[in-house]
Amino acid sequence: MRNIQQLLTERLQAILPEADREFGIVQSCQDSKFGDYQASTAMVLGKRDRKPPRELAEKLIAGLELSDLCERPEIAGAGFINFRLKPEFAVRELGAESLFAGPAGKPQNARIAEKPPAESRKIVIDFSSPNIAKPMHVGHIRSTILGDALARIHRFLGNEVIADNHLGDWGTQFGKLLYGYSHFLDDAALAADPLGELERLYKVANDLCEKDESVLDACRKELALLQRGNPDRLELWKTFTTVSWQAFTKIYDRLGVTFDEHLGESFYNDQLEEVISELKLKKIAEESEGALCIFFREIASLNDKPFLIQKKDGAALYATTDLATLKYRIKRWNPDEIIYVTDGRQQLHFQQLFTAAERWLAGVDWAPARRPKLSHVWFGSILGEDKRPLKTRTGDPIRLSDLLDEAEARAYLLVNEKNPDLSQDERKGIARAVGIGAVKYADLAQDRVRDYVFDWSKLLAFKGNTAPYLLYAVVRIESIYRKDRTLNSELRTQNTLSLKELEEIDLAKAILKFPEVVQASADDHRPHHLCFYLYNLAEKFSGFYENCPVLQSSGAIRESRLALCQKTAEVMRQGLYLLGIETVERM
RNA sequence: GCGCCCAUAGCUCAAUUGGAUAGAGUAUCGGCCUCCGAAGCCGAGGGUUGUGGGUUCAAAUCCCGCUGGGCGCACCA
């Protein structure tokens, strides 16, 4: 599929002087009564050159060659240039056998078009990053789902993605955990729910530390032993990580999330010293109050906020590991961009990290001339109905596995109600897809920077901007196919479109917008644009579905409508795939 | 004290990053199943975009000042 917005922009920019090209951007119209696309070029240039915008617009239109794409552009308002696509153009554009490269009907790894290698960017996406020895809870869901969606979107656009799970598998918490493990272990509990037991042991030790200084000392000693490589402690630590990774894998499998790497903090342990000495040598870091830190004296907002690299006892910190990780990623992958998907509370940290990295990379010989763009993609918190961070009644964080269980259970009840005749296996499968899809969609459909209120009834409402509504649109199309016994599937994919009714044209034009929306979602790391688009597409399909009978019509119209259904389903499936949401045939 | 973020219909959220008359869902009211899945569709009401200024052809969006809420700031990650 081609990006129509880009196509129009290129046409417009082609007739502008080099220096004015930045003003030649064509945008989608908010209101279809003005057209499908619009440009405000004439108003901007008219203002600058003190010329009447409408006259300028007239000149621009005269120079444009667009007859293959749209009707003659119209001038409206203060000088808008409005473009309206020709239905014949949509017919041609959608006439391809399959809208996406890759196996027909299977969105998985499809591309909009193969990018030439020179244009393909290499992007490391750092996301999910749960802590070892703790069950994943709702706090991890946004990073996991958002990061995965961004990975899928970038791959679809032809970029090379390295999905890297930066596990929290090292740090001071392991002293307490080791202490708890050796004093209070419940073997039966460990066998039944390993992560739950490890979490309990940590809590027991942590509580004791607050009351008893001697326990805290004991924990410090355990930590020191681990860090010095004591074989027993190291063995236990490995057990912790193995058990944890197994539990995480279960969750990732349920969510359909995959990684290319999962290099935890421990992986960078032996690289920290080198980073510290480099920073010292280049005089980027300096000693202060016994610790080693980086100051940003010339930046007003960071002036009084030092970035700590090393504690006075010599231990490294979060910042140190992040810098070492950056170095490793540059040396191993030399990426064009590194995206960190974390919650918004870490904004200061990443501001400091990026600023420090800039100085550091400018002074070392291993850094490439073209340094990676560093992006912090942050998100708000998930709140309960009381507008406080989402917790269980007892105040503990909600386990992700429990949340997913509940989503599936609730969806299962609804499937039973609606489709009791399906086999239990099928109902379970649908409940899984719908339940998990609903949780994911509720998260992705919202602008990530805002906190969002978690609400089961809204999530699984099956109407409005929800996963079930979108899945339902696909199900209706599937249902049409099942009932269509006169045509085989090959005929559907042929170029048999003829767009007459308003609803047909609207739907076809909505389909054409898919590439530009995916691009926009990637550009500002905001998949909710794609969600909103799919919702709009589903609404357009509903309008078509109500007003344009498919199976009841006949001849060329019937074929055309079946083909339109096919194209709609293709885009819906592909779009949902990019969000990490499975589609179903019945629900 | 310094800094970051948020504020849009009763409620939950959009607004293609400065574009045209601020849109959906929900809730309320009213229509539509001898017709492809009614988990749906159509219609009605609902707004000084927290507030006061400013910038310009154009501001929910950018700048400054307030108010209210969330969060972060030296040895946790």
Side-chain angles (χ1 to χ4, degrees), chain A residues 5 27-31 33-34 38 40 43-44 46-47 53 76-80 82 129 131 168 170-173 265 288-293 300-313 315 317-319 321-322 342-349 351-352 378 380-381 383 387 389 414-415 417-419 434 445-447 449-453 455 457-458 460-466 468-469 471-473 475-484 513 516-517 520-521 523-524 528-529 531-533 535-536 539 542-543 545-553 561 565 586-587:
Chain A
Q5 183 182 10
Q27 291 179 316
S28 226
C29 280
Q30 277 189 6
D31 192 329
K33 78 183 174 198
F34 296 121
Q38 65 180 32
S40 47
M43 289 184 289
V44 179
K47 172 70 186 157
F80 289 100
N82 291 328
S129 312
N131 289 320
W170 201 252
T172 51
Q173 77 268 29
E265 289 166 347
S288 167
E289 295 175 31
L292 191 67
C293 39
S301 61
L302 295 180
N303 200 4
D304 54 347
K305 296 174 176 72
F307 195 42
L308 253 69
I309 297 300
Q310 192 177 33
K311 299 202 278 186
K312 60 184 162 204
D313 66 4
L317 288 150
Y318 182 38
T321 311
D322 271 357
T342 83
D343 75 88
R345 286 176 301 190
Q346 297 189 41
Q347 283 177 92
L348 175 61
H349 170 75
Q351 202 189 341
Q352 292 173 319
W378 59 272
S381 322
L383 308 177
K387 300 286 178 73
L414 290 161
V415 177
E417 201 177 295
K418 184 64 192 172
N419 256 321
V434 173
Q446 194 142 139
D447 190 354
V449 303
R450 296 179 42 143
D451 293 345
Y452 93 89
V453 178
D455 177 359
S457 60
K458 190 193 156 200
L460 286 161
F462 296 74
K463 40 189 161 174
N465 190 7
T466 65
Y469 179 82
L471 294 175
Y472 181 63
V475 162
R476 278 167 138 187
I477 298 175
E478 289 294 343
S479 179
I480 289 176
Y481 292 165
R482 275 197 298 275
K483 295 205 164 131
D484 170 31
K513 282 180 179 294
E516 67 203 45
V517 171
S521 295
D523 286 346
D524 61 1
H528 82 284
H529 291 135
C531 296
F532 184 71
Y533 163 82
Y535 177 56
N536 184 256
E539 281 191 311
S542 287
Y545 184 86
E546 295 288 326
N547 293 291
C548 305
V550 178
L551 298 176
Q552 272 75 19
S553 57
R561 288 179 180 173
C565 285
R586 293 172 224 260
M587 60 192 278

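These numbers come from a predicted model, not from an experiment. To find a chain, count down the sequence lines: A is the first, B the second, and so on, and within it residues start at 1.
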Give the rounded distance in Å between these two atoms: CZ of A:R345 and P of B:C73. 10 Å
Would you say A:Y469 reaches B:C41's phosphate, i.e. side-chain N/O to OP1/OP2 under 4.0 Å? yes
When all nucleic acid strands are considered with a 4.0 Å heavy-atom cut-off, which category describes A:Q552: base, sugar-phosphate, or nothing? base
Sugar-phosphate only, base, or nothing, as touched by A:Q5 at under 4.0 Å among non-hydrogen atoms: nothing
Considering every strand and a 4.0 Å limit on heavy-atom distances, what is the contact class for A:H528: base, sugar-phosphate, or nothing? sugar-phosphate
Under 4.0 Å, counting only non-hydrogen atoms across every strand here, what does A:F307 touch: a base, just sugar-phosphate, or nothing? nothing
Please determine if a side-chain N or O atom of A:R450 lies less than 4.0 Å away from the OP1 or OP2 oxygen of B:G70. no
Are any of A:Q30's side-chain N or O atoms less than 4.0 Å away from OP1 or OP2 of B:A20? yes
Would you sketch RNA chain B in dot-bracket for me? Only Watson-Crick or G-U wobble pairs with both distances under 3.5 Å count, crossing pairs as [ ], other-strand pairs as |, the rest as dots. (((((.(..((((.....[...)))).(((((.......))))).....(((((..]....)))))).)))))....
If you look at every strand shown and take non-hydrogen atoms under 4.0 Å, does A:N419 touch a base, only sugar-phosphate, or nothing? base
What does A:S40 touch in the nucleic acid at a heavy-atom separation under 4.0 angstrom: a base, only the sugar-phosphate, or nothing? base
A side-chain contact here means heavy atoms from C-beta on lying under 4.5 Å apart; do A:F307 and A:H349 qualify? yes
So, do A:Y472 and B:G37 meet the stacking rule of ring centres under 5.5 Å and planes under 30°? no
Looking across every strand, which nucleic acid part, if any, lies under 4.0 Å from A:C531 by heavy atom: base, sugar-phosphate, or nothing? nothing
For A:N131, enumerate each residue passing the side-chain contact (heavy atoms from CB on, under 4.5 Å) test, keeping only those at least two apart in sequence or located in another chain. A:K134
Between P of B:G3 and CG of A:L302, the distance in whole Å: 11 Å
Counting only side-chain N and O atoms of A:H529, is one of them less than 4.0 Å from OP1 or OP2 of B:A15? yes
Looking for any heavy atom pair under 4.0 Å, which part of the strands does A:F532 touch: base, sugar-phosphate only, or nothing? sugar-phosphate
To the nearest Å, give me how far apart CD1 (A:I477) and P (B:G40) are. 16 Å
Within the structure shown, what part of the strands sits under 4.0 Å from A:A76 by heavy-atom distance: base, sugar-phosphate, or nothing? base
Select base, sugar-phosphate, or nothing to describe what A:S288 touches, counting heavy atoms under 4.0 Å on all strands. base
Heavy atoms under 4.0 Å, any strand shown: does A:S28 hit a base, just sugar-phosphate, or nothing? base
For B:G37, take OP1 and OP2 only and decide whether either is under 4.0 Å from a side-chain N or O of A:S479. yes
Name the nucleic acid region contacted by A:A520, choosing base, sugar-phosphate or nothing; use a 4.0 angstrom heavy-atom cut-off, strictly under. nothing
Look at A:K483 and B:C36 and indicate whether a side-chain polar atom (N or O) is within less than 4.0 Å of OP1 or OP2. no
Looking across every strand, which nucleic acid part, if any, lies under 4.0 Å from A:V453 by heavy atom: base, sugar-phosphate, or nothing? sugar-phosphate
